[in-house]
Amino acid sequence: MNAGAPSALATARRYCLDRPFPAGQPPSSSRRTAISATVDRSRRGDDVPAEPGVLALDAHDELAEFLAGVLVAARWVRALHAAGVIGEQQLADLALRLTAVGGVVGVVLGGSRARGTHTATSDVDLGIYYRLPLDVAGLGIVARDVAGPGAAVTDPGAWGPWVDGGAWLHVEDTAVDWIYRDLDRVRTCWREAQAGRFAFHAQVGHPLGWPDFAYAGEIALGRVLADPSGALGELHEATGRVPPALRETVRTRTLWEASFTVDIARKALPRRDTAYVAGCLFRAIGLCCHALHARAGRWLINEKGAVAAAGLLDGAPPAFADRAHGILGELGTTGERLARAVDLAADLVAETARSG
């Protein structure tokens, strides 16, 4: 048996009676028939009860291991089919169709799909890189063709100055987000990042603010699906390494602001202003996440999951993620609890600054 057999056998036993037969004894023809029937039910998509009581297999029976593999694989394929997960070829075909629309330069896959960490329920994020004028009507035709007559796309800028615009679609029951990216603006932000210049900008959906270097990080971390001109491939290669000047600037500025933000949070303690303290400490912790990523030479492009990701980096303060979440999760409304949270945040910022 292979190294993965124990877990496979455990799965097989869920579909078996707890009456093992002697090791090495071949199953009877009636039990082989029961096995075949169970597998056929799974293939057809019929429900297979957690404890159907139709099989009895010994832990050393190779057939049990085989059955476990078949059942697990069949259920996995069924789950993916039920969820309507879009395959690689479908993504490639869609990307090519999008590049045929006027103004579209190329398409980049982002998010968990690009990282290979997606599940059956994960969204598909497609960055649509364009140069004005963008044929929004043409994009609408493609959207309705792949997602149905109710699909709609936005004009550039409809979602805010930095997220831009796009579409929220459902293709075969999978959420597919089209996100516009103005290639000329992306290039400008990349040049600024190379020079060590950046800023956080107000943007709906980004409570910490949108760091303009995120444009470079997106294409660095994404996977180019369609790129007729080669422009996106070149940019992907160029942005693979966070510029040293940007690393230094991000680390210096975010740590200074994080410390200052904790200090001004103290001014709200006499008023027991939980909302103000919460906002300050959220920002201070988010800034520490950026500082730690900059130190490690890693792109951080979104607040979602930033604390957990920062806690996994080399050089992060011990238990960074648990401590950060604990600070925000235990704020309370009393002066004593708020003061303790501010003190803990000050310690976390100071340790982040000492991390290197």
Side-chain angles (χ1 to χ4, degrees), residues 76-132 134-183 185-186 203-206 210 214-215 217-229 231-233 235-236 299 301-305:
W76 179 73
V77 170
R78 284 167 52 197
L80 290 181
H81 179 72
V85 173
I86 299 176
E88 289 294 317
Q89 189 57 53
Q90 287 173 286
L91 286 175
D93 292 344
L94 176 57
L96 286 175
R97 289 193 63 184
L98 288 169
T99 57
V101 175
V104 176
V105 176
V107 178
V108 173
L109 178 67
S112 61
R113 287 294 295 252
R115 297 190 299 270
T117 59
H118 60 286
T119 68
T121 59
S122 296
D123 293 353
V124 174
D125 298 323
L126 295 180
I128 299 179
Y129 287 75
Y130 69 92
R131 284 195 171 99
L132 293 173
L134 177 63
D135 183 2
V136 175
L139 288 173
I141 293 172
V142 177
R144 289 187 291 276
D145 188 42
V146 300
V153 301
T154 76
D155 290 326
W159 291 348
W162 294 92
V163 172
D164 203 337
W168 292 327
L169 308 175
H170 276 83
V171 180
E172 297 185 5
D173 296 325
T174 297
V176 179
D177 299 337
W178 292 0
I179 306 168
Y180 297 159
R181 289 293 179 258
D182 182 330
L183 181 59
R185 192 178 199 188
V186 171
Q203 170 60 53
V204 173
H206 290 269
W210 177 271
Y215 282 157
E218 285 179 334
I219 198 162
L221 299 174
R223 178 153 60 91
V224 177
L225 294 179
D227 181 27
S229 70
L232 299 186
L235 198 54
H236 174 74
W299 292 109
I301 61 176
N302 199 306
E303 300 97 329
K304 290 186 292 186

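The two residues Asp123 and Ala175 make their nearest non-hydrogen contact at OD1-CB, 3.2 Å. Nearest approach of Arg113 to Arg223, heavy atoms of both residues: O-NH2, 4.2 Å. Across Ser122 and Thr119, no two heavy atoms sit closer than the pair OG-N, 2.8 Å. Minimum heavy-atom separation, Val171 to Val146: CG1-O, 3.7 Å. The two atoms that bring Val153 and Ala167 nearest to each other are CG1-CB, 3.7 Å, heavy atoms only. Closest non-hydrogen pair, Gly103 versus Leu134, comes out as C-CD1, 4.2 Å.
Residues Trp210 and Tyr215 bring their aromatic ring centres within 6.0 Å.
Within the structure, side chain to side chain donor-acceptor pair (under 3.5 Å) pairs that include any residue of residues 95-110 comprise Arg97-Asp145 (at least two apart or interchain). Judged as a side chain to side chain donor-acceptor pair (under 3.5 Å), the pairs with a partner in residues 154-171 (not counting sequence neighbours) are, in order, Tyr130-Asp164.
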Start with the C-alpha distance between Leu221 and Ile301, add both sets of side-chain angles, then the distance that settles side-chain contact (heavy atoms from CB on, under 4.5 Å), and finish with yes or no. CA-CA 10 Å; Leu221 299 174; Ile301 61 176; 4.2 Å; yes
Step-by-step side-chain contact (heavy atoms from CB on, under 4.5 Å) determination, Leu91 to Val124: CA-CA 9 Å; Leu91 286 175; Val124 174; 3.7 Å; yes
Check the pair Ile179 / Ile128 against side-chain contact (heavy atoms from CB on, under 4.5 Å), numbers first and verdict last. CA-CA 6 Å; Ile179 306 168; Ile128 299 179; over 6 Å; no
Output, in order, the C-alpha distance, side-chain angles, deciding distance and verdict of side-chain contact (heavy atoms from CB on, under 4.5 Å) for Leu225 and Leu94. CA-CA 9 Å; Leu225 294 179; Leu94 176 57; over 6 Å; no
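Side chain of Gln203 to backbone of Val163: a donor-acceptor contact under 3.5 angstrom is found. The backbone N or O of Leu232 sits less than 3.5 Å from a side-chain atom of Asp227, completing a donor-acceptor pair.
Annotation: side chain of Pro156 is not in contact with side chain of Asp182 (no heavy-atom distance under 4.5 Å). Side-chain contact between Val224 and Tyr129 is absent, with no heavy atoms from C-beta onward closer than 4.5 Å. The side-chain heavy atoms of His206 and Asn302, taken from C-beta on, include a pair separated by under 4.5 Å. Inter-residue side-chain proximity for Val104 and Asp135 is flagged as unmet; no heavy-atom pair is nearer than 4.5 Å.
To the nearest 0.5 Å, the span separating CG on Asp125 from CG on Asp177 amounts to 5.0 Å.
Legend: residues meeting side chain to side chain contact (heavy atoms under 4.5 Å, CB included) with Ala151, ordered by chain and number and at least two apart, are Ala143, Arg144, Ala147, Leu169.
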